[in-house]
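Every number for a ligand or one of its atoms is a count from 1 in the order of the listing.
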Amino acid sequence: MTADLMGGTPRPKALVTGITGQDGAYLAELLLEKGYVVHGVKRRASSFNTERVDHLYVDPHQEGVRFFMHYGDMTDATNLIRIVQETRPREIYNLAAQSHVQVSFETPEYTANSDALGTLRLLEAIRILGLEREVRFYQASTSEMYGLVQEVPQRETTPFYPRSPYGAAKLYGYWITVNYREAYGLHASNGILFNHESAIRGETFVTRKVTRAVARIALGLQDTLWIGNLDSRRDWGHARDYVRAMHLMLQQDEPDDYVIASGEQRSVREFVLAAFAEVGVRLVFKGEGADEVGVVDAVDLERLTVARSGEEGGRHVPIDGEGPIVPGAVVVRVDPRYFRPTEVASLLGDASKARRVLGWEPAHTFAQLVSEMVAHDLAEARRDELLRSGGFTTRNSHE
Ligand code: NAP
Ligand code: G4F
């Protein structure tokens, strides 16, 4: 079978911006499984930035290659036009964005350029190339647009009230997508996705920051998790479930906008408790505000030992004493540096429209998500500990 044909018919072709990100990687996997030819846009960086998709890479000199990457940037219109022209995709998924809310307060202009104008540039590329009737477009919109929420739970009809430069930039992306649908008849849909996480979530989003810290504290590689607003509440789902929804939206006869959410809400504090429980640590929180701390209350040593050594009863990890995990030890502290100038205190989505129209259902529970993330970060921490004990240095990345 050639790379271009599937059962005698041309393979569907997709272009994914933000291919190197969490969602880009899962979406690329899903589309390849479905037989697509996948083109991704990656940014030039001074070091490799393709770790999340390296397992999908096939040497382009081989036969039947279906995964390609192109250098590009959402701030470069001519580049986007050329990539769309050369790849001529049936579906475009616009996932590229400066996606960190707190960073958007530090880089508001860049965030607007890549997230708001970047979306416009891509839509214009479709129009300039006269592909309005051929291309289906997905815009990665976000629950951050609800910000200071005007209704609980949030649904497609809930008014928006963004609370960050990121939220405001994404609101432009949302409306310009609606406008191109209405003005030019483009099959363009917004997925209003609530927070979705995974083992490959960026390390500075709160869930991954917590699961990495829990694993490293368990392995004696770190003493403390420094965190921001513990009261914040989010509707967390699994990224693999959410990229399925993106694909479903572009398979509908008519374009539309959909909320994708789990319909369950938990606080950051609850996430921290659940993650520590995965390594056998019962934590209690004491104090208030910036003085609040997470203290080890009880330890299930059997579970902690498995976390340290691995399920297969791998190498016993020697830690001086019990490492940082002893009853009474403070392992979580608040650093106001992580507080945001304007916070989104609470998000809870109602995905009934997506369930009804798209037939979308999430397959992962919150407990499975936490468990998968901690297990993954334990494996990474065990690898780091092994390397260090063998005299090698490991990466020392910090926010
Ligand atoms: P992510 O892991 O931060 O990935 C963002 C991707 O965009 C990366 O591939 C990044 O490249 C790329 N990118 C950033 N700026 C770019 C630019 N100027 N030009 C080209 N590419 C650029 O984000 P994610 O979690 O996968 O989210 C995917 C999309 O969904 C984003 O638009 C995000 O805002 C939106 N969203 C996410 C969530 C969520 O909970 N995850 C919820 C709602 C909406 P590098 O790898 O080189 O940095
Ligand atoms: O994990 P977060 O940084 O995600 P946030 O701000 O909700 O944004 C994510 O979800 C959006 C969808 O709603 C996406 F559009 C966006 O691209 C991104 O993927 O923070 C979650 C909450 C916030 O309230 C934050 O204040 O956790 C709180 N938090 C507490 N301590 C922290 C920390 N957040 C981070 N990143 N780091 C902390 O130490």
Determine whether the side chain, the backbone, both or neither of S141 has a heavy atom under 4.0 Å from any heavy atom of ligand 1. backbone

Which segment of Y166 sits under 4.0 Å of ligand 2 when only heavy atoms are counted: side chain

Specify side chain, backbone, both or neither for W236, according to which of its non-hydrogen atoms lie closer than 4.0 Å to ligand 1. neither

Note: heavy atom closest to atom 4 (O) of ligand 2, options N195, D335, L225, belongs to N195

Counting heavy atoms only, which of V101, T142, T204, N229 comes nearest to atom 30 (C) of ligand 2? N229

Determine the interplanar angle of the Y93 and Y138 rings, folded into 0 to 90°, and report it as parallel if under 30°, tilted if 30 to 60°, perpendicular if over 60°. tilted

Under a 4.0 angstrom heavy-atom cut-off, which atoms of ligand 1 come close to A96? 7 (O), 20 (C), 21 (N), 22 (C)

Run down the list R163, R340, R201 and name the one with the heavy atom closest to atom 3 (O) of ligand 2. R340

In the protein, which heavy atom is nearest to atom 13 (O) of ligand 2, and how far is it? S143 OG, 2.6 Å

Among M74, E51, R43, which one has a heavy atom closest to atom 15 (N) of ligand 1? R43

One residue to check: E144. Relative to ligand 1, which of side chain, backbone, both or neither has a non-hydrogen atom less than 4.0 Å away? neither

Using only heavy-atom distances, determine whether the side chains of N229 and E343 contain a donor-acceptor pair under 3.5 Å. yes

Have a look at ligand 1 and work out which part of K170, if any, has a heavy atom under 4.0 Å from it: side chain, backbone, both or neither. side chain

So E372 and H376, side-chain hydrogen bond (donor to acceptor under 3.5 Å, both in side chains) or not? Walk me through it. CA-CA 6 Å; E372 180 187 313; H376 173 272; over 6 Å; no

